[in-house]
Protein chains: 4
Amino acid sequence: MTTHTRPSRDDGTGAPAERRDPRLDRSRTALLDAAAALLSESGIRGVTIEAVTSRSGVARSTLYRHFPNSGELLAAAFQQLLPPIPAPPEGGTPRDRLLGLVLDQAQQIEHAPTTAAAIWLATSGLSAELPADPVERTQFAVLRQRIIDRYRKPFDAVLRDCLGGVPRVTAGDIDLAAAQLIGPLLFNTMIVKRPNDREFCTRLVDDFLTVHGSPTI
Amino acid sequence: MTTHTRPSRDDGTGAPAERRDPRLDRSRTALLDAAAALLSESGIRGVTIEAVTSRSGVARSTLYRHFPNSGELLAAAFQQLLPPIPAPPEGGTPRDRLLGLVLDQAQQIEHAPTTAAAIWLATSGLSAELPADPVERTQFAVLRQRIIDRYRKPFDAVLRDCLGGVPRVTAGDIDLAAAQLIGPLLFNTMIVKRPNDREFCTRLVDDFLTVHGSPTI
Amino acid sequence: MTTHTRPSRDDGTGAPAERRDPRLDRSRTALLDAAAALLSESGIRGVTIEAVTSRSGVARSTLYRHFPNSGELLAAAFQQLLPPIPAPPEGGTPRDRLLGLVLDQAQQIEHAPTTAAAIWLATSGLSAELPADPVERTQFAVLRQRIIDRYRKPFDAVLRDCLGGVPRVTAGDIDLAAAQLIGPLLFNTMIVKRPNDREFCTRLVDDFLTVHGSPTI
Amino acid sequence: MTTHTRPSRDDGTGAPAERRDPRLDRSRTALLDAAAALLSESGIRGVTIEAVTSRSGVARSTLYRHFPNSGELLAAAFQQLLPPIPAPPEGGTPRDRLLGLVLDQAQQIEHAPTTAAAIWLATSGLSAELPADPVERTQFAVLRQRIIDRYRKPFDAVLRDCLGGVPRVTAGDIDLAAAQLIGPLLFNTMIVKRPNDREFCTRLVDDFLTVHGSPTI
DNA sequence: TCTTAACCGAGACGGTACGTCGCGTCTTTTG
DNA sequence: CAAAAGACGCGACGTACCGTCTCGGTTAAGA
């Protein structure tokens, strides 16, 4: 089990971590470590309150002081397991960079926790009630944003770069590109259970460029 | 609540329904009706063994004679709720037909039970153990196939038709088309929570044709 | 630990015990045995749901099918421990019989479970909310009645006998006698923590007879 | 809610209250006020550590500096709520004075906190472990003494007075009188849940005098 | 007057017990 | 003899208090 997010005082709320009771961090870290370990070992079903508390040595009541329910705990555990967003490929032709990007994403989708998190988020939205208040940044919401960023961020960089010559690259352009390039990977993985091999990815990129590629790229 | 699948003796196992105790059908139908009703009323979380039995008046033990566990019951309930696969659009230019197809799918993804089922299937694959035996055609497997068909079948018809002039339309071609046209819809719905409006769908189809459209179409 | 109430199908509700699932009796008996044992070993505080279930091997949920809460369980455990109402003394002069009666009661009050039960009942009336519905014969109510009977029954027999010549012995007479003869014992035990020795009891009886004794007795 | 005991520096330990940090008194008073208020509002069950601290604004740790556990706090709260011992009736015939006394006590037993305290004390003796060390004058012990005094003191005064002519009135005589006159009231209240009306009290006194009354009284 | 030690609020922490819900297995009784 | 009825063991949930503890911040008392 490898945890990708370094332990941090920041609890994802963006609040400045001025002076806090250090015990809060201690117990929170212990909880997240245990939860993440259980998650990667036994899957979603393994992340029970009982298992997490007994493994971490943290008391039940303390757990509930950090997370309002088991869903939030799971969301936090997923965050713990998400690998950092890979740096977008920098050198080479625009085609190379786009291809690198798509291959990166394909690999991430292969990576269990990432997809699991994405799908779990979607499921939760259907089966359970979401926290309505958008202000309250729950772990659930944080996780959602991280998942989106994971798809979105690399495109921001590369596309903004590749289409640099073009006056305006709107957000809509990027959204469309992400949908067209990542969506098919998702479809393969989720629905038809087919692997995203290099050939498939190349095809996606080339088709994309056929349509959107300005002569300059 | 509307049930889309007519009550049938066929339990999805493909077994010939020759001579069976009629009581078996009675209780099975009652269970499925109750489960489907609960599913559409209260969502996945509402489909509990207790709720289904008490609502259907069928005994617990009888339920377990039909479904090995609550997951299978849920899968069956989803099937009950899935609308029939829409007939692929027939008239018009290939572009019109493709667009009709994509709009259909966009609408289906909007339709809660369908997406819910798809996502739940994906989640289950992650969190729970799947029935390993591929021979045993569980309701789970049946549901998976129906979901796939739902995406795949219409493309079979339309593409095979549109590209009729071309010597070979391989299965791979169809898979690619489905991935490129449906994947983005899925991405929008699941990840970024954006609606699939008509403009977006049109764009997908046009881009697809720009690349794959032979002069004939 | 000795249990004074024989195991019985009757659960105190007075319902005829026609044909019942024998498992109900099995688990109920196991629960009551465990609870009574814990009660006599560790006192009221020892009768926790956890302790009772783990000791009896009966599941939590089963316990709650028999007793709506831990209070009712405790009440039932007390019943289990109450010794049977002693047969009122029969031979001898009225004075002898009354004295025997009072000595009996003094001894009972010495007997921990009986007093504990009585006092616990009183406490519950103060600290917790009693089941309001008098129809619903909870274990709590049953226990209360048994405690009252324990004081009242022997007097019924003896007084009715002693004052036999007198045309009417009203319920009020018996109530008064019980209060005057048992009350002081209670006072000694509860408030001033003094023992009820033979001398004290004799004194009570003699004083009582001085006042109420007709020439005939 | 009326508190019968004036706020005092004396914490019942008998220690001389020479020079003390005034903050100690401040927090102690706040705690007792809150505890007494909660007790009279919500009964014994309402006097929790959390409720008392949050209501009084006193910190948990401060509370535990004053009271070793929640039982002691409750005992102190009871003391706070006990009305002062009523002055024994002075004028009139001995019979009048005795009757006044008994009616007073009957009324006190009606008064919730007093009985509650008495019964709670009795219960605690059964269910929990008492502080073994007799030297340490806990609030618990103090409360016990106050409850006893409450029954005993008035009798001391009246009986010593009434039987003044008689050479010796022993402590035993007074104990007996208290038991015979108060015990029945207790019995009525605790066991048979019957009210102590004036007729009953009169009867008790008259019977008592029939036996113990010298010709002079 | 200025320290400095006691006292304080706030509340995190490990525990124990509660009462609830859902599962999948099983027995008993009935139509 | 199969279906209903539902008891049963199990395991997880979220809540409520307890008594201990660690924090800094204030404040009264002695230098």
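So that the names make sense, note that chain A is the first sequence line, chain B the second, and so on, each numbered from 1. This structure is a prediction, so every number in the text was calculated from the model and none was measured.
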Which of F:dC13, E:dG24, E:dG19 is nearest the side chain of A:Ile49? It is F:dC13
With a 4.0 Å cut-off, would you call D:Glu41 and D:Arg55 a salt bridge?
-> yes
Grab the OH-C1' distance between A:Tyr64 and E:dG15 for me, whole Å please.
-> 15 Å
Atom CZ of C:Arg45 to atom P of E:dA17: distance rounded to whole Å?
-> 10 Å
Nearest atoms (heavy-atom pairs only) where A:Ala76 meets A:Phe67 | CB-CE2, 3.6 Å
Examine E:dG24: is either OP1 or OP2 under 4.0 Å from a nitrogen or oxygen in the side chain of B:Ser70? Give yes or no.
-> yes
Donor-acceptor contact present, side-chain A:Ser42 to main-chain A:Leu39, <3.5 Å = no
Separation of atom CG in C:Asp25 from atom C1' in E:dT27, rounded to whole Å = 14 Å
Taking for each residue the nucleotide of DNA chain F bearing the nearest heavy atom, is the 5' side occupied by A:Arg23 or by C:Ser27?
-> C:Ser27
Which atom names give the shortest non-hydrogen contact between A:Ala34 and A:Ser56, and what distance separates them?
-> CB-CB, 3.7 Å
So, is B:Thr48 near the phosphate of E:dG22, with a side-chain N or O under 4.0 Å from OP1 or OP2?
-> no
Ignoring backbone atoms, establish whether C:His66 has a side-chain N or O less than 4.0 Å from OP1 or OP2 of F:dC8.
-> yes
Atom-pair distance (CZ on B:Arg26; P on F:dA4), nearest Å = 7 Å
Of the options C:Gln79, C:His66, C:Glu72, which is the one that meets C:Gln139 in a side-chain hydrogen bond (donor to acceptor under 3.5 Å, both in side chains)?
-> C:Gln79
From CD of B:Glu50 across to P of E:dT20 the rounded distance in Å is 14 Å
Rounded to whole Å, the CG-P distance (B:Leu73 to E:dG22) equals 14 Å
Taking B:Thr62 for the side chain and B:Val58 for the main chain, is one N or O donor matched with an acceptor at less than 3.5 Å?
-> no
To the nearest angstrom, the CG-P distance between A:Leu24 and E:dA10 comes to 17 Å
Smallest separation among heavy atoms of A:Ala35 and A:Ala77, with atom names = CB-CB, 3.7 Å
C:Glu72 CD to E:dG19 P, straight-line distance once rounded to whole Å | 11 Å
Sub-4.0 Å heavy-atom contacts from residues 53-63 of chain C onto DNA chain E, ordered by number | C:Arg60, C:Ser61
